[in-house]
Asker: 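For reference, the structure I am asking about is given below.
Index from 1, following the sequence.
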Amino acid sequence: MKESAFYQHIVEKARAEGLAEGLAEGETEGLTEGLLALIKTRFISVPRTISSKIKSIQDKDTLLDIQKMAINAENKKEFVEIFNSLNIS
């Protein structure tokens, strides 16, 4: 049975949207894992509360901002203080 052109268009659009969502989700997961690795490398450990909060963040720009904070912080204490001032729940 041949599907209509409209049906095929809808299916193709749905596939494209699904692919875009999957890529965005993968990008966010990659940023999250990279950020946690950066923090562990710089500060030896990641406080569990910070790790949990970072894993809950879905906004790419927020993750990138936190990455910059982790790079620029003088030490772990400074990073934790700055991170906690963000009031991420």
Asker: To check you understand the geometry: which heavy-atom pair defines the closest contact between Ile57 and Thr32, and what is its length?
Answerer: O-OG1, 4.4 Å
Asker: If you apply the rule side-chain contact (heavy atoms from CB on, under 4.5 Å), what do you find for Lys55 with Leu36, and how did you get there?
Answerer: CA-CA 9 Å; Lys55 288 177 182 178; Leu36 293 172; 3.7 Å; yes
Asker: Scan residues 51-75 for pairs that pass ring pair (Phe, Tyr, Trp, His ring centres under 6.0 Å), counting only residues two or more places apart or in two chains.
Answerer: none
Asker: Using atom types as modelled, flag every donor-acceptor pair under 3.5 Å from a side chain in residues 38-51 to any protein atom, sequence neighbours excluded.
Answerer:
from	atom 1	to	atom 2	distance (Å)
Thr41	OG1	Ala37	O	2.8
Arg42	NH1	Ala70	O	2.4
Arg42	NH1	Ile71	O	3.0
Arg42	NH1	Ala73	O	3.0
Arg42	NH2	Ala73	O	3.1
Ser45	OG	Lys76	NZ	2.6

Asker: Output all residues satisfying salt bridge (charged side-chain N to carboxylate O under 4.0 Å, His left out) with Lys60, sequence neighbours left out; order by chain, then residue number.
Answerer: Glu27
Asker: Which value, rounded to the nearest 0.5 Å, describes the distance between Leu35 atom CG and Ile54 atom CD1?
Answerer: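 Taking CG in Leu35 and CD1 in Ile54, the distance rounds to 4.5 Å.
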Asker: May I have all residue pairs that pass ring pair (Phe, Tyr, Trp, His ring centres under 6.0 Å) and include part of residues 45-68, sequence neighbours excluded?
Answerer: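 Qualifying pairs, neighbours excluded: none.
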Asker: Once you round to the nearest 0.5 Å, how far does CG of Asp61 lie from CD1 of Ile66?
Answerer: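 These two atoms lie 11.0 Å from each other.
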Asker: Kindly state each residue pair satisfying ring pair (Phe, Tyr, Trp, His ring centres under 6.0 Å) with at least one member in residues 50-75, sequence neighbours excluded.
Answerer: none
Asker: CD/Glu74 to CD1/Ile82 distance, rounded to the nearest 0.5 angstrom?
Answerer: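 Answer rounded to 0.5 Å: 9.5 Å.
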Asker: With sequence neighbours left out, write down each residue that passes side chain to side chain donor-acceptor pair (under 3.5 Å) with Thr62, or none if nothing qualifies.
Answerer: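 Result, side chain to side chain donor-acceptor pair (under 3.5 Å) vs Thr62: Asp59.
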Asker: Measure from the side-chain N and O atoms of Glu33 to the backbone N and O of Glu29, and report whether any donor-acceptor pair falls under 3.5 Å.
Answerer: no
Asker: Asn72: which residues meet the side chain to side chain contact (heavy atoms under 4.5 Å, CB included) condition with it, sequence neighbours left out?
Answerer: Lys68
